[in-house]
Amino acid sequence: MDQHSPDYYIENTAQSLEDTEMFTNYVLDKSNSLVTPVITPRFAPSCITELMKGLDDLAAKYNLPVQSHMDENMDEITRIKKIHPKYERQLIKRRGAGISHCPDSNFNLHNGVAKVRQMLNEGLKLSLGTDLGLGGRQSPTDTHKEGKVISRAVETLGVIPVYPVRNLSRFSNGQPGKQGGVFRDCILVRPGTTVREFAKKVHPEIDKHYLYAETVGYIRLGENDIISEKINIISFKTSAMSTSTSGTNSSTTNTTNEKKK
């Protein structure tokens, strides 16, 4: 990773390629048929083009498999669409690549549900994986059971996962000490649910003090707009929030005036 990552993760591009080749040779020298190095660019936004091309050259040189991470949360998906607008699933199929779906960690992220049935219908190669970073199960059998339950809930019932957020820039819920980037809450709603109806589901107080709602890009939504998979990240603005902000500003002003006196 040589961009868009924490400082303690950022690598020098040339050094990253050198270290990757060194590690590759170290593993290959072990001559163990059960172990092989894998070229792993973290994910698209974290690698500049030069690094991506260099890793591609190493994969070709040593005939190595390549893996990466993608579509792990809505923040990432929104960013990727801006950088690489190509349709990912079609590209994966054309390249003959496959997808390893980790339902346990997918569920724990509270960040959407993979469209397993749709991917299979599109002819994509799909496998199940276990991810101990966000999951909690090493057993592929347990992972399969959970993935089946979650996918069927969305596909059979036809519900839509919706994410209420306070901050559309960071997709955070506004709670102290909670960082944005991964949604905390996910609510499943039936097709045809309007924005205002969803407000009632999130909290009665939101409906009581409702002013308006916005989605990604700060696009204003109408009360009767229908929630869909394209409109499923929603921030509500209420009169209670406006009063709170106004009161905070008044306190600040009064304190400043007292100091002037």
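Note that these values count all heavy atoms, side chains included, but never hydrogens, waters or copies made by symmetry.
Enclosure of atom CG in N63 is not indicated, since only 12 or fewer non-hydrogen atoms of other residues, nucleotides or ligands lie within 6.0 angstrom. Under a cut-off of 6.0 angstrom, the local environment of CD in E205 is crowded, with over 12 non-hydrogen atoms contributed by other residues, nucleotides or ligands.
Side-chain N or O atoms of S228 include one that pairs as donor or acceptor with a backbone N or O of K230 at under 3.5 Å. Within the 3.5 Å criterion, the main-chain N or O of P191 finds no donor-acceptor partner in the side chain of T193.
Between Q15 and E18 the shortest side-chain heavy-atom distance falls below 4.5 Å. When side chains are defined from C-beta on, V195 does not count as touching N224, because their heavy atoms never get closer than 4.5 Å.
Taking CD of E50 as the start and CG of L55 as the end, the distance is 10.5 Å to the nearest 0.5 Å. Expressed to the nearest 0.5 Å, how far NZ of K53 lies from SG of C47 amounts to 14.0 Å. Between the CG atom in N25 and the OG1 atom in T20 there is a gap of 11.0 Å [rounded to 0.5 Å]. For the atom pair CD1 (I99) and NZ (K125), the distance works out to 10.5 Å, reported to the nearest 0.5 Å. Between H209 atom NE2 and H203 atom NE2 the span is 10.0 Å, to the nearest 0.5 Å. For the atom pair CZ (R196) and CZ (F236), the distance works out to 9.5 Å, reported to the nearest 0.5 Å.
Residues I39 and I92 do not share a hydrophobic cluster, clusters being chains of Ile/Leu/Val/Met/Phe/Trp/Tyr side chains in contact below 4.5 Å. Under the 4.5 Å side-chain contact rule for hydrophobic residues, V27 and Y62 do not share a cluster. L28 is connected to L58 through a chain of hydrophobic side-chain contacts under 4.5 Å among Ile, Leu, Val, Met, Phe, Trp and Tyr, so both are in one cluster. If you chain together hydrophobic residues whose side chains sit under 4.5 Å apart, V216 and I226 never meet in one group. The cluster map of Ile, Leu, Val, Met, Phe, Trp and Tyr, joined by side-chain heavy atoms under 4.5 Å apart, puts I231 and I219 in different clusters.
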Checklist entry - How far apart are the C-alpha atoms of T36 and L64, what are their side-chain angles, what is the distance that settles it, and do they pass the side chain to side chain contact (heavy atoms under 4.5 Å, CB included) test? => result CA-CA 8 Å; T36 185; L64 299 176; 4.1 Å; yes
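Among all heavy-atom pairs drawn from K201 and V189, the shortest one is CD-CG1, 4.0 Å.
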